[in-house]
Amino acid sequence: MANEKNLQNIIAHCKEYGFVFPSSEIYDGLSAVYDYGQYGVELKRNIRDYWWKSMTQMQDNNIVGLDAAIFMHPTVWKASGHVDNFSDPMIDNKDSKKRYRVDHLIEGYAETLDKESGDALLQQMDALLAANDFAGLKALIESNKIKCAISGTCNWTDVRQFNLMFSTEMGSVAEDANMVYLRPETAQGIFVNFLNVQKTGRMKIPFGIAQTGKAFRNEIVARGFIFRMREFEQMEMQFFVRPGTQKEWYEYWKDARMKWHLSLGIPAEHYRFHDHVKLAHYADAACDIEYDFPMGFKEVEGVHSRTDFDLKSHQEFSGKKLTYFDTEINQHYIPYVIETSIGLDRTVMMILSESYLEEDLSTAEKQDSRVVLKFPPMLAPIKLAILPLLKKDGLPEIAKELLNECKPHFRCFYEEKDTIGKRYRRMDAIGTPFCVTIDHQTKEDHAVTIRYRDTMTQERIPLSEVKNLVLEKTKMF
Ligand code: ATP
């Protein structure tokens with residue numbers, strides 16, 4: 001179970017093998033901001049590519065892409081409701097001065113209780129959140145004697161709302177400068193371009209627009225490694241439908257997105273749906289797809305039925321018509337929207353959590369173990385390691401020829417140094433699914449030893465078949 005894995009070991013492994021580094025580490029890091037290293041960047045790109053192709057290329061010619069800017073006109077965020085509503089109820093501990101998100105504080109406490117009492121507490125919390133009952137939330141914290149982890153006291157302020165958007169100024173002189181926000185979600189770039197894409201792409205409803213890109217949130221409690229960051233990447237798709245059909249499409253996308261998750265080879269019992277009780281200001285139905293992270297089941301993706309809230313609001317604030325003419329029913333209307341929104345970094349963390357394994361390989365004769373990342377082969381940063389057994393006798397030449405044949409097709413790694421056993425272990429640690437060794441016999445029989453990461457079994461295959469074997473086993477579709 002992913003749940004039994006130790007998050008600290010995964011974080012340490014990510015740092016040691018060049019997946020994820022704390023941002024600006026030589027200055028002691030920046031809270032909840034991370035950089036992806038040489039293997040992390042490849043893993044992240046592969047996940048992004050898989051999502052992108054699944055959501056555009058593999059659809060029925062009805063979902064197209066977009067790459068909108070991070071900066072947007074400030075009124076966008078008035079219209080979207082983020083200026084007024086994108087806030088979380090917070091509470092401060094008066095002794096430690098530490099600020100907590102109320103739901104996180106209560107959830108953290110609920111985890112320390114037995115299941116029945118924990119669930120009952122969360123139900124009470126959900127009801128109070130749904131009613132925006134801040135006094136009730138404070139009373140719930142006090143009556144349960146929930147303490148601050150730092151001061152250990154229950155000396156709390158009142159519960160208040162805190163906006164999560166970052167702002168900055170655009171313009172060269174202070175007087176002319178306009179306040180702009182760093183987008184807290186990518187979706188609004190899609191809404192404001194809805195008609196541009198629909199008209200120029202001659203799109204017919206139902207159709208979708210997909211986008212990946214950075215989003216920024218001034219998260220108060222940023223924790224859990226790359227689970228909750230202040231700068232992160234989202235992969236979102238807005239699907240525009242005829243009003244009245246949103247329920248069907250909501251169910252369709254819930255199902256389609258769960259299938260996508262299962263296609264990563266992750267067992268169904270590591271996922272669950274969580275239906276929202278308190279709906280966001282724009283939604284008429286919403287659920288999370290939760291994954292069993294090392295710290296328990298948490299959201300990795302949201303599927304939201306956003307109604308016509310966003311387009312209607314942009315039409316009002318901009319004064320520009322955002323209606324669609326449906327030729328099938330001869331009617332103008334503002335489309336309804338189903339959104340699928342998944343965090344790329346959270347997906348990276350999900351894949352790392354699922355793939356990370358500490359295996360005991362001890363035999364009667366000797367103690368042995370390995371750390372292996374059993375990534376789905378299509379997502380592995382390096383697909384093939386090419387390892388000449390010796391640095392001489394023409395073996396590197398044969399190996400480099402293979403490298404030149406393979407590198408236009410997939411990412412390879414070439415290494416001559418160290419014993420073959422050590423080289424295999426390093427490849428296990430970064431999740432390389434295939435290693436081939438070129439030895440003296442290769443010169444005679446034009447065959448190589450291929451070693452499979454997951455089973456560690458080895459077999460001889462013709463040198464000429466390596467490229468096709470790896471291509472076949474690492475293809476996305
Ligand atoms: P949470 O409840 O965990 O704060 P959310 O419900 O606010 O998340 P959405 O607004 O639905 O999240 O965003 C969609 C997706 O974006 C989430 O499912 C998550 O994968 C990702 N995401 C949101 N906030 C962050 C963050 N601070 N760091 C990393 N990923 C995030």
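Bear in mind that the values here come from a model prediction, so they are computed numbers and not experimental data. Every number for a ligand or one of its atoms is a count from 1 in the order of the listing.
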Which one holds for [X] and ligand 1: side chain close, backbone close, both close, or neither close, with close meaning a heavy atom under 4.0 Å?
X      : answer
Met235 : neither
Val300 : backbone
His304 : side chain

At their closest point, which heavy atom of [X] faces which heavy atom of [Y], and how far apart are they?
X      : Y      : result
Glu236 : Trp51  : O-CH2, 3.3 Å
Gly37  : Phe21  : CA-CE1, 3.6 Å
Asp95  : Ser151 : CB-CB, 3.8 Å
Lys247 : Asp284 : NZ-O, 4.1 Å

For this session: Output, in order, the C-alpha distance, side-chain angles, deciding distance and verdict of salt bridge (Lys or Arg N to Asp or Glu O under 4.0 Å) for Lys78 and Asp84.
Result: CA-CA 7 Å; Lys78 273 301 270 180; Asp84 298 324; 3.6 Å; yes
Problem set entry | Under-4.0 Å salt bridge between Arg99 and Asp88 | no
So which protein heavy atom does [atom] come closest to, and at what separation?
atom                    : answer
atom 1 (P) of ligand 1  : Arg228 NH1, 3.6 Å
atom 10 (O) of ligand 1 : Arg217 NH2, 2.9 Å
atom 14 (C) of ligand 1 : Ser341 OG, 2.9 Å
atom 21 (C) of ligand 1 : Gly343 CA, 3.6 Å
atom 28 (N) of ligand 1 : Met229 N, 2.8 Å
atom 18 (O) of ligand 1 : Glu299 OE2, 2.6 Å
atom 16 (O) of ligand 1 : Gln234 NE2, 3.3 Å
atom 30 (N) of ligand 1 : Phe232 CD1, 3.4 Å

Exercise. Going through the distances and angles, do Ser263 and Tyr50 end up as a side chain to side chain donor-acceptor pair (under 3.5 Å)?
Worked result: CA-CA 11 Å; Ser263 77; Tyr50 182 55; 2.6 Å; yes
Exercise. Looking at ligand 1, does Glu301 have a heavy atom less than 4.0 Å from it?
Worked result: yes
Problem set entry | 4.0 Å heavy-atom contact, Arg101 with ligand 1 | yes
Exercise. Should Glu219 be counted as touching ligand 1, given the test is an N or O pair under 3.5 Å?
Worked result: yes
Problem set entry | Trace of the side-chain contact (heavy atoms from CB on, under 4.5 Å) decision for Ser305 with Trp249 | CA-CA 9 Å; Ser305 175; Trp249 283 112; over 6 Å; no
Problem set entry | Residue pair Tyr282 / Asp310, side-chain donor-acceptor N/O under 3.5 Å | no
